[in-house]
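Below is one structure, written out as structure tokens; the observations come after it.
Quick note: numbers below take in every heavy atom, side chains included, and nothing from hydrogens, waters or symmetry partners. Atoms within a ligand are numbered from 1 in the order they appear, just like the ligands themselves.
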Amino acid sequence: MSQTTNREATLYPEAQALLGFIDRSPTPWHATAEMVSRLTNAGFSPLDERERWSLQPGNGYFLIRDGSSLIAFRLGQERPSSCGFNMIGAHTDSPGLRVKPNPLQRKQSLTRLGVEIYGGPILATFSDRDLALAGRLVVRGNEGLTTRLIRLPRPIARIPNLAIHMNREVNTKGLVLDRQDQLPPLLGAVSEELPLQNEFRQLLADQLREDGETLDAQEIVSWELLLFDSQPGQFYGPQGEFIANGQLDNLASCDASLTALIRSSAQSHTQLCGFFDHEEVGSESHKGAAGSFLADTLKRICEQLEDNPSSLHQALAKSFMISADMAHAWNPAFASAYDADHPVQVNGGPAIKINASQRYSSEAVSQALFSDWCAQVGVPVQHYVHRNDLPCGSTIGPITAAALGVRSVDVGNPMWSMHSARESAGAADHGMMIAVMNHFFDNPVTQL
Ligand code: CO
């Protein structure tokens, strides 16, 4: 778990809680399970998409799609058509390495693990890290097929760097790993006893048994497993003013919005958080932000509460979405990579992300509203614009804004090394983001 001094815990309690959340959430499925347990503890009730719902104004609910996308909401005291939805969206997934279906490869006396690349990780940062394995399995037991989360108890794989003696240009040309031949991490020594693919199933079962869990290798049908850096999150800097961990993009935004939702209380409007998988690969899936999950849920809420055919559309026209994803913090070592007039500073507060081509959903009105909310809670606000000569990334904001027709702003806390195995950010920003989101949930949005 996170290594934290008392000083850091006192100065940055929200950042400390975030590091623990990430350490317990190595995969989107684990992050979703973590958030479910926090929602349950806070009195939110589970809903099942396959069942009929019975909803009560003022109460909190949550539902999951396929284990890694989650929507949580607290109904308003008023109907949605009167007061709309105050919504925050974020994503549960992070770029990295995913285990293939026939993963074991033998070379000489060593076994390597075949992996696919998920999203856009900085591949070189996965080298020389003690990589651990986690994800979900589908297993066939007495009751048929079931899914279960797994997390092996210790790091089991590594991508050993080539010594500089054989790679003399590594400090001038950088570390380039061939994606097919050089990326597969080293897993272990060869065992000649089992056919290769049975061996991987047996390895999973054996590792879990050492952790006191039971799993029969023959029962494993399929998996989604990923490798992650096993080093826990921590504070660094003379005053502990920075944090380092994997998956700050975007578990920091998930944690901030969920914390804000739980801290808020019932209002006239309905408060909602949507956490979606598959953002790093384009969001096009049945549970991704480009899928129907959010629209389906909003429609069902309106149908449940109102006998009015235009209620959903009236509600959406009165709604607002904060799309929360991390922002690129200015880095003095690479000053020319940034727009010099829009340097976003770590520990300088949340950044509004602006892109004229609508890679970010922010526009003048949504910018002004978000800036106002920051001012009302005494939090500084920054503005991020990508350089004109670099292609700009995107996130779920434009996707949900287009699908729902809801006014939206893209915001995020500043961070360095986005998509590294070990990312970094400011310790003070997380508490500031939670304060603004909390204010957003607890107050009606001015309609312009
Ligand atoms: Co992101």
- Message: With 2.8 Å as the threshold, which protein atoms of type N, O or S lie near the Co ion (ligand 1)? Leave waters out.
- Response: H91 NE2, D249 OD1, D325 OD1, D325 OD2
- Query: Rounded to the nearest 0.5 Å, how far does NE2 of H278 lie from OG of S285?
  - Reply: 4.5 Å
- Verify, without hydrogens or angle tests, whether S420 (side chain) and I122 (backbone) share a donor-acceptor contact under 3.5 angstrom. no
- Query: Does the ring of F235 carry R7 above it, NZ/CZ under 6.0 angstrom from centre and within 45° of its axis?
  - Reply: no
- Given the options Y384, F334, Y338, H328 meets ring pair (Phe, Tyr, Trp, His ring centres under 6.0 Å) only with Y384
- Message: I want to know whether F242 and W416 have ring centres closer than 6.0 Å.
- Response: yes
- Task: Ignoring hydrogens and angles, tell me if any N or O in the side chain of S357 forms a donor-acceptor pair with the backbone of R359 under 3.5 Å.
- Result: no
